[in-house]
Amino acid sequence: MLTIVAFFWLALTSLAFAHASLTGTEPADSAVIDSAPSNFSLSFSEPVSPLILKLIRPDGSASVLTDFALHDQKVKITAPDNLDQGTHVLTWRVVSSDGHPVSGSVIFSIGKASSAPHQLVATNDAKVSSAIWLAKLVLYITLFIGIGGAFALSWLWPAQRPARRLIQAILSAGFIVTALSLGLQGLDALGVGFSDFFSPSVWLAGFNTSYGMTVLVLLAAIILTTIALAITCKKAAKLLSLIAIITGAAALAISGHASAAEPQWLTRSAVFLHAFIIALWVGALMPLGISLYRKDSDTTNGLRRFSNFIPYALLILIIAGMTLTIIQVQKPSALLETAYGKLLVAKLAILFLLFLLAAYNRWKLTQPVMHNDGIATQKLARSIIIETVLVLVIFGTASGWRFTPPPRSIAIAAAQPATMHIHTDKAMADVSVAPGRTGSVTASAILMDSDFATLEAQEVTYVFSNSEAGIEPFRRKAVKTENGNWEATDVPLPLAGTWKVRLDILINDFELVRLEENIQIRP
């Protein structure tokens, strides 16, 4: 039975990791614009906070951009004065509200293209990523085995001293690693290596992400657990261990996917219940295994009490898990179409082994152990050791999900439209292609004259082409909608990459205006 929690834990731990995605820029990537813009803008699939904004000019000089404003999911940046002609690179690194940093760059040219300058873009250090994975693994062990184990000792096996010493060691190591993980978060946020680990700006960047609060709350939970293990008053120890396990579960609900997914009241609550019940289940493994091995006098009573409340906890776990799974995965096909889904499916193979082991323990060993069957007791103790090893493997694997965006996040990014602004002396257009990815799309344009007033037209036709892919121009006539936009529906864009979009605007019987620009279509 204990292993069932690992099944749902693996299926749901991945729900804690999501990433904001860039959905649009102004100027558009690869665009050639006539004059220097007064502002840049970056649009994302989720709210973000900028960490690094930098503009590299054609001569290779770089300017840090500090004058920006946040508008929901858009970052509007004031451009430097006196930008020269040629190719520029706008580099950015932001942190989404779930605590994960995202970076990239946009290349645009003023007047005409030149050789692209060296891009001083922050990169991810493999050593830093490995350290973050290890820290995440230790964090899970600390919460689920350390804090959860202390709760099990206080409430089920209070006389268990060997497990108490082992849990104290886990908490001590967990406190140190959890504190250091704040610096690792800062390194990842700024995209720098270990040489900058002791820089105050690195630690400040880590603290300013939502993960910073997770660290503080988890450290508080570790301190409360340590006190609960040290005091001799059993009632006080029970109360402190309960507060600690609640605090630890709340720490996971502060950052990660729960801080960004909607509705937050539902996802935060579900993640909290998920973590809380996992700590109850997995935390009991080690104390129970040691108690069985030592044949302690309170083994049977603790096992009986544990078996009585776990079925109800399992029901809550299933409800919370189904809720989060629906929000994150969205459709079954995502299990095979995304890296996230494939990783989840792979882990289910391990969970299947755990499920078989749990069934064997529940139906073959638990009742004989309660009747003091010595052979069954030894078998259950060995089985719990195997369970613990498999759970640790699951912890390690799930820690890698931090680097894999879930299908929900991918779907949000994919659904965002690709946009561009085209202008000439006679006319301008704000064009949107939705969704901004391959497949059947809808093109929509707002037409304006040179004074930004609505441009009246008799007829508008879209012309699409992709010379790199050998796709010759094809036309789609637009229809004027009630809100004044000119739309063409069911436009097939089968390939990702740079598409040329032209608008043929018939002003009257004698005047035709053509607007043309490139747009990026995602896979």
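- Rounded to the nearest 0.5 angstrom, K54 NZ and T91 OG1 are separated by 6.0 Å.
- Looking at L55 and L83, their side chains come closer than 4.5 Å, going by heavy atoms from C-beta outward.
- Side-chain atoms of W133 come within 3.5 Å of backbone N or O of G396 as a donor-acceptor pair.
- In the displayed structure, E511 atom CD is contacted under 6.0 Å by more than 12 heavy atoms of other residues, nucleotides or ligands.
- Side chain to side chain, T489 and T442 fail the donor-acceptor criterion of an N or O pair below 3.5 Å.
- Counting all heavy atoms, side chain and backbone alike, A275 lies closest to F144 at O-CE2, 3.5 Å.
- Under the 3.5 Å distance criterion, the side-chain polar atoms of R476 are left unmatched by any main-chain donor or acceptor of Y462.
- Partners of E456 by salt bridge (charged side-chain N to carboxylate O under 4.0 Å, His left out), not counting sequence neighbours, listed by chain and number: K480.
- Of all heavy-atom pairs spanning A445 and L503, the tightest one is CB-CD2, 3.7 Å.
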Could you pull out every donor-acceptor pair under 3.5 Å between side chains of residues 190-203 and any protein atom, sequence neighbours left out?
unit_1: S199; atom_1: OG; unit_2: S201; atom_2: N; d: 3.4
unit_1: S199; atom_1: OG; unit_2: S201; atom_2: OG; d: 2.9
unit_1: W203; atom_1: NE1; unit_2: F197; atom_2: O; d: 2.7

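- Closest approach of P27 and P37 over heavy atoms only: CG-CG, 4.3 Å.
- When all heavy atoms of V460 and W486 are compared, the closest pair comes out as CG2-CD2, 3.5 Å.
- Counting heavy-atom neighbours within 6.0 Å of M213 CE, excluding the residue itself, gives a total of 12 or less.
- Interatomic distance, CD1 of I77 versus OG of S38, reported as 12.0 Å (0.5 Å rounding).
- Remark: side-chain polar atoms of N485 are not paired, donor with acceptor, to backbone N or O of T481 under 3.5 angstrom.
- R57 places a side-chain heavy atom less than 4.5 Å from the side chain of S63.
- Counting heavy atoms from C-beta outward, T87 and S109 have side chains that approach closer than 4.5 Å.
- You'll find the side chain of T142 reaches within 4.5 Å of the side chain of L171, heavy atoms only.
- For the atom pair OG1 of T225 and CD1 of I170, the computed distance is 11.5 Å after rounding to the nearest 0.5 Å.
- Taking the six-membered ring for Trp and the full ring otherwise, F44 and W92 have centroids separated by under 6.0 Å.
- Contact check for L317 versus I278: side-chain heavy atoms found under the 4.5 Å cut-off.
- For the atom pair CE of M428 and CG of D449, the computed distance is 6.5 Å after rounding to the nearest 0.5 Å.
- Between W499 and F474, the two ring planes are perpendicular [angle over 60°; tilted spans 30° to 60°].
- The structure places NZ of K127 at 14.5 Å from CD1 of I132, a figure rounded to the nearest 0.5 Å.
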Would you please test L493 and N466 for side chain to side chain contact (heavy atoms under 4.5 Å, CB included) and show each step? CA-CA 9 Å; L493 299 182; N466 189 328; over 6 Å; no
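- Separating the CG atom in L515 from the CD1 atom in I422 is a distance of 5.5 Å, to the nearest 0.5 Å.
- L53 is listed as a side-chain neighbour of L42, based on a closest heavy-atom distance under 4.5 Å.
- Between V501 and V463, every side-chain heavy-atom pair lies at or beyond the 4.5 Å cut-off.
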Could you go through the side chain to side chain contact (heavy atoms under 4.5 Å, CB included) check for V138 and T178 one step at a time? CA-CA 8 Å; V138 174; T178 300; 5.8 Å; no
Output, in order, the C-alpha distance, side-chain angles, deciding distance and verdict of side chain to side chain contact (heavy atoms under 4.5 Å, CB included) for I147 and L218. CA-CA 10 Å; I147 297 175; L218 186 58; 4.1 Å; yes
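- You'll find the side chain of Y140 stays beyond 4.5 Å of the side chain of I145, heavy atoms only.
- Using a distance-only test at 3.5 Å, with no hydrogens or angles considered, no donor-acceptor pair links the side chain of S444 to the main chain of E487.
- P494 and I471 get closest at one heavy-atom pair: CG-CD1, 4.4 Å.
- T498 and Q520 share a side-chain donor-acceptor pair at under 3.5 Å.
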Working for side chain to side chain contact (heavy atoms under 4.5 Å, CB included), residues E468 and K500: CA-CA 10 Å; E468 294 181 358; K500 181 174 290 185; over 6 Å; no
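- Taking all atoms of both residues into account, the shortest heavy-atom contact from A249 to F276 is CB-N, 3.6 Å.
- A side chain to side chain contact (heavy atoms under 4.5 Å, CB included) with L90 is found for exactly one of L65, I107, I56, namely L65.
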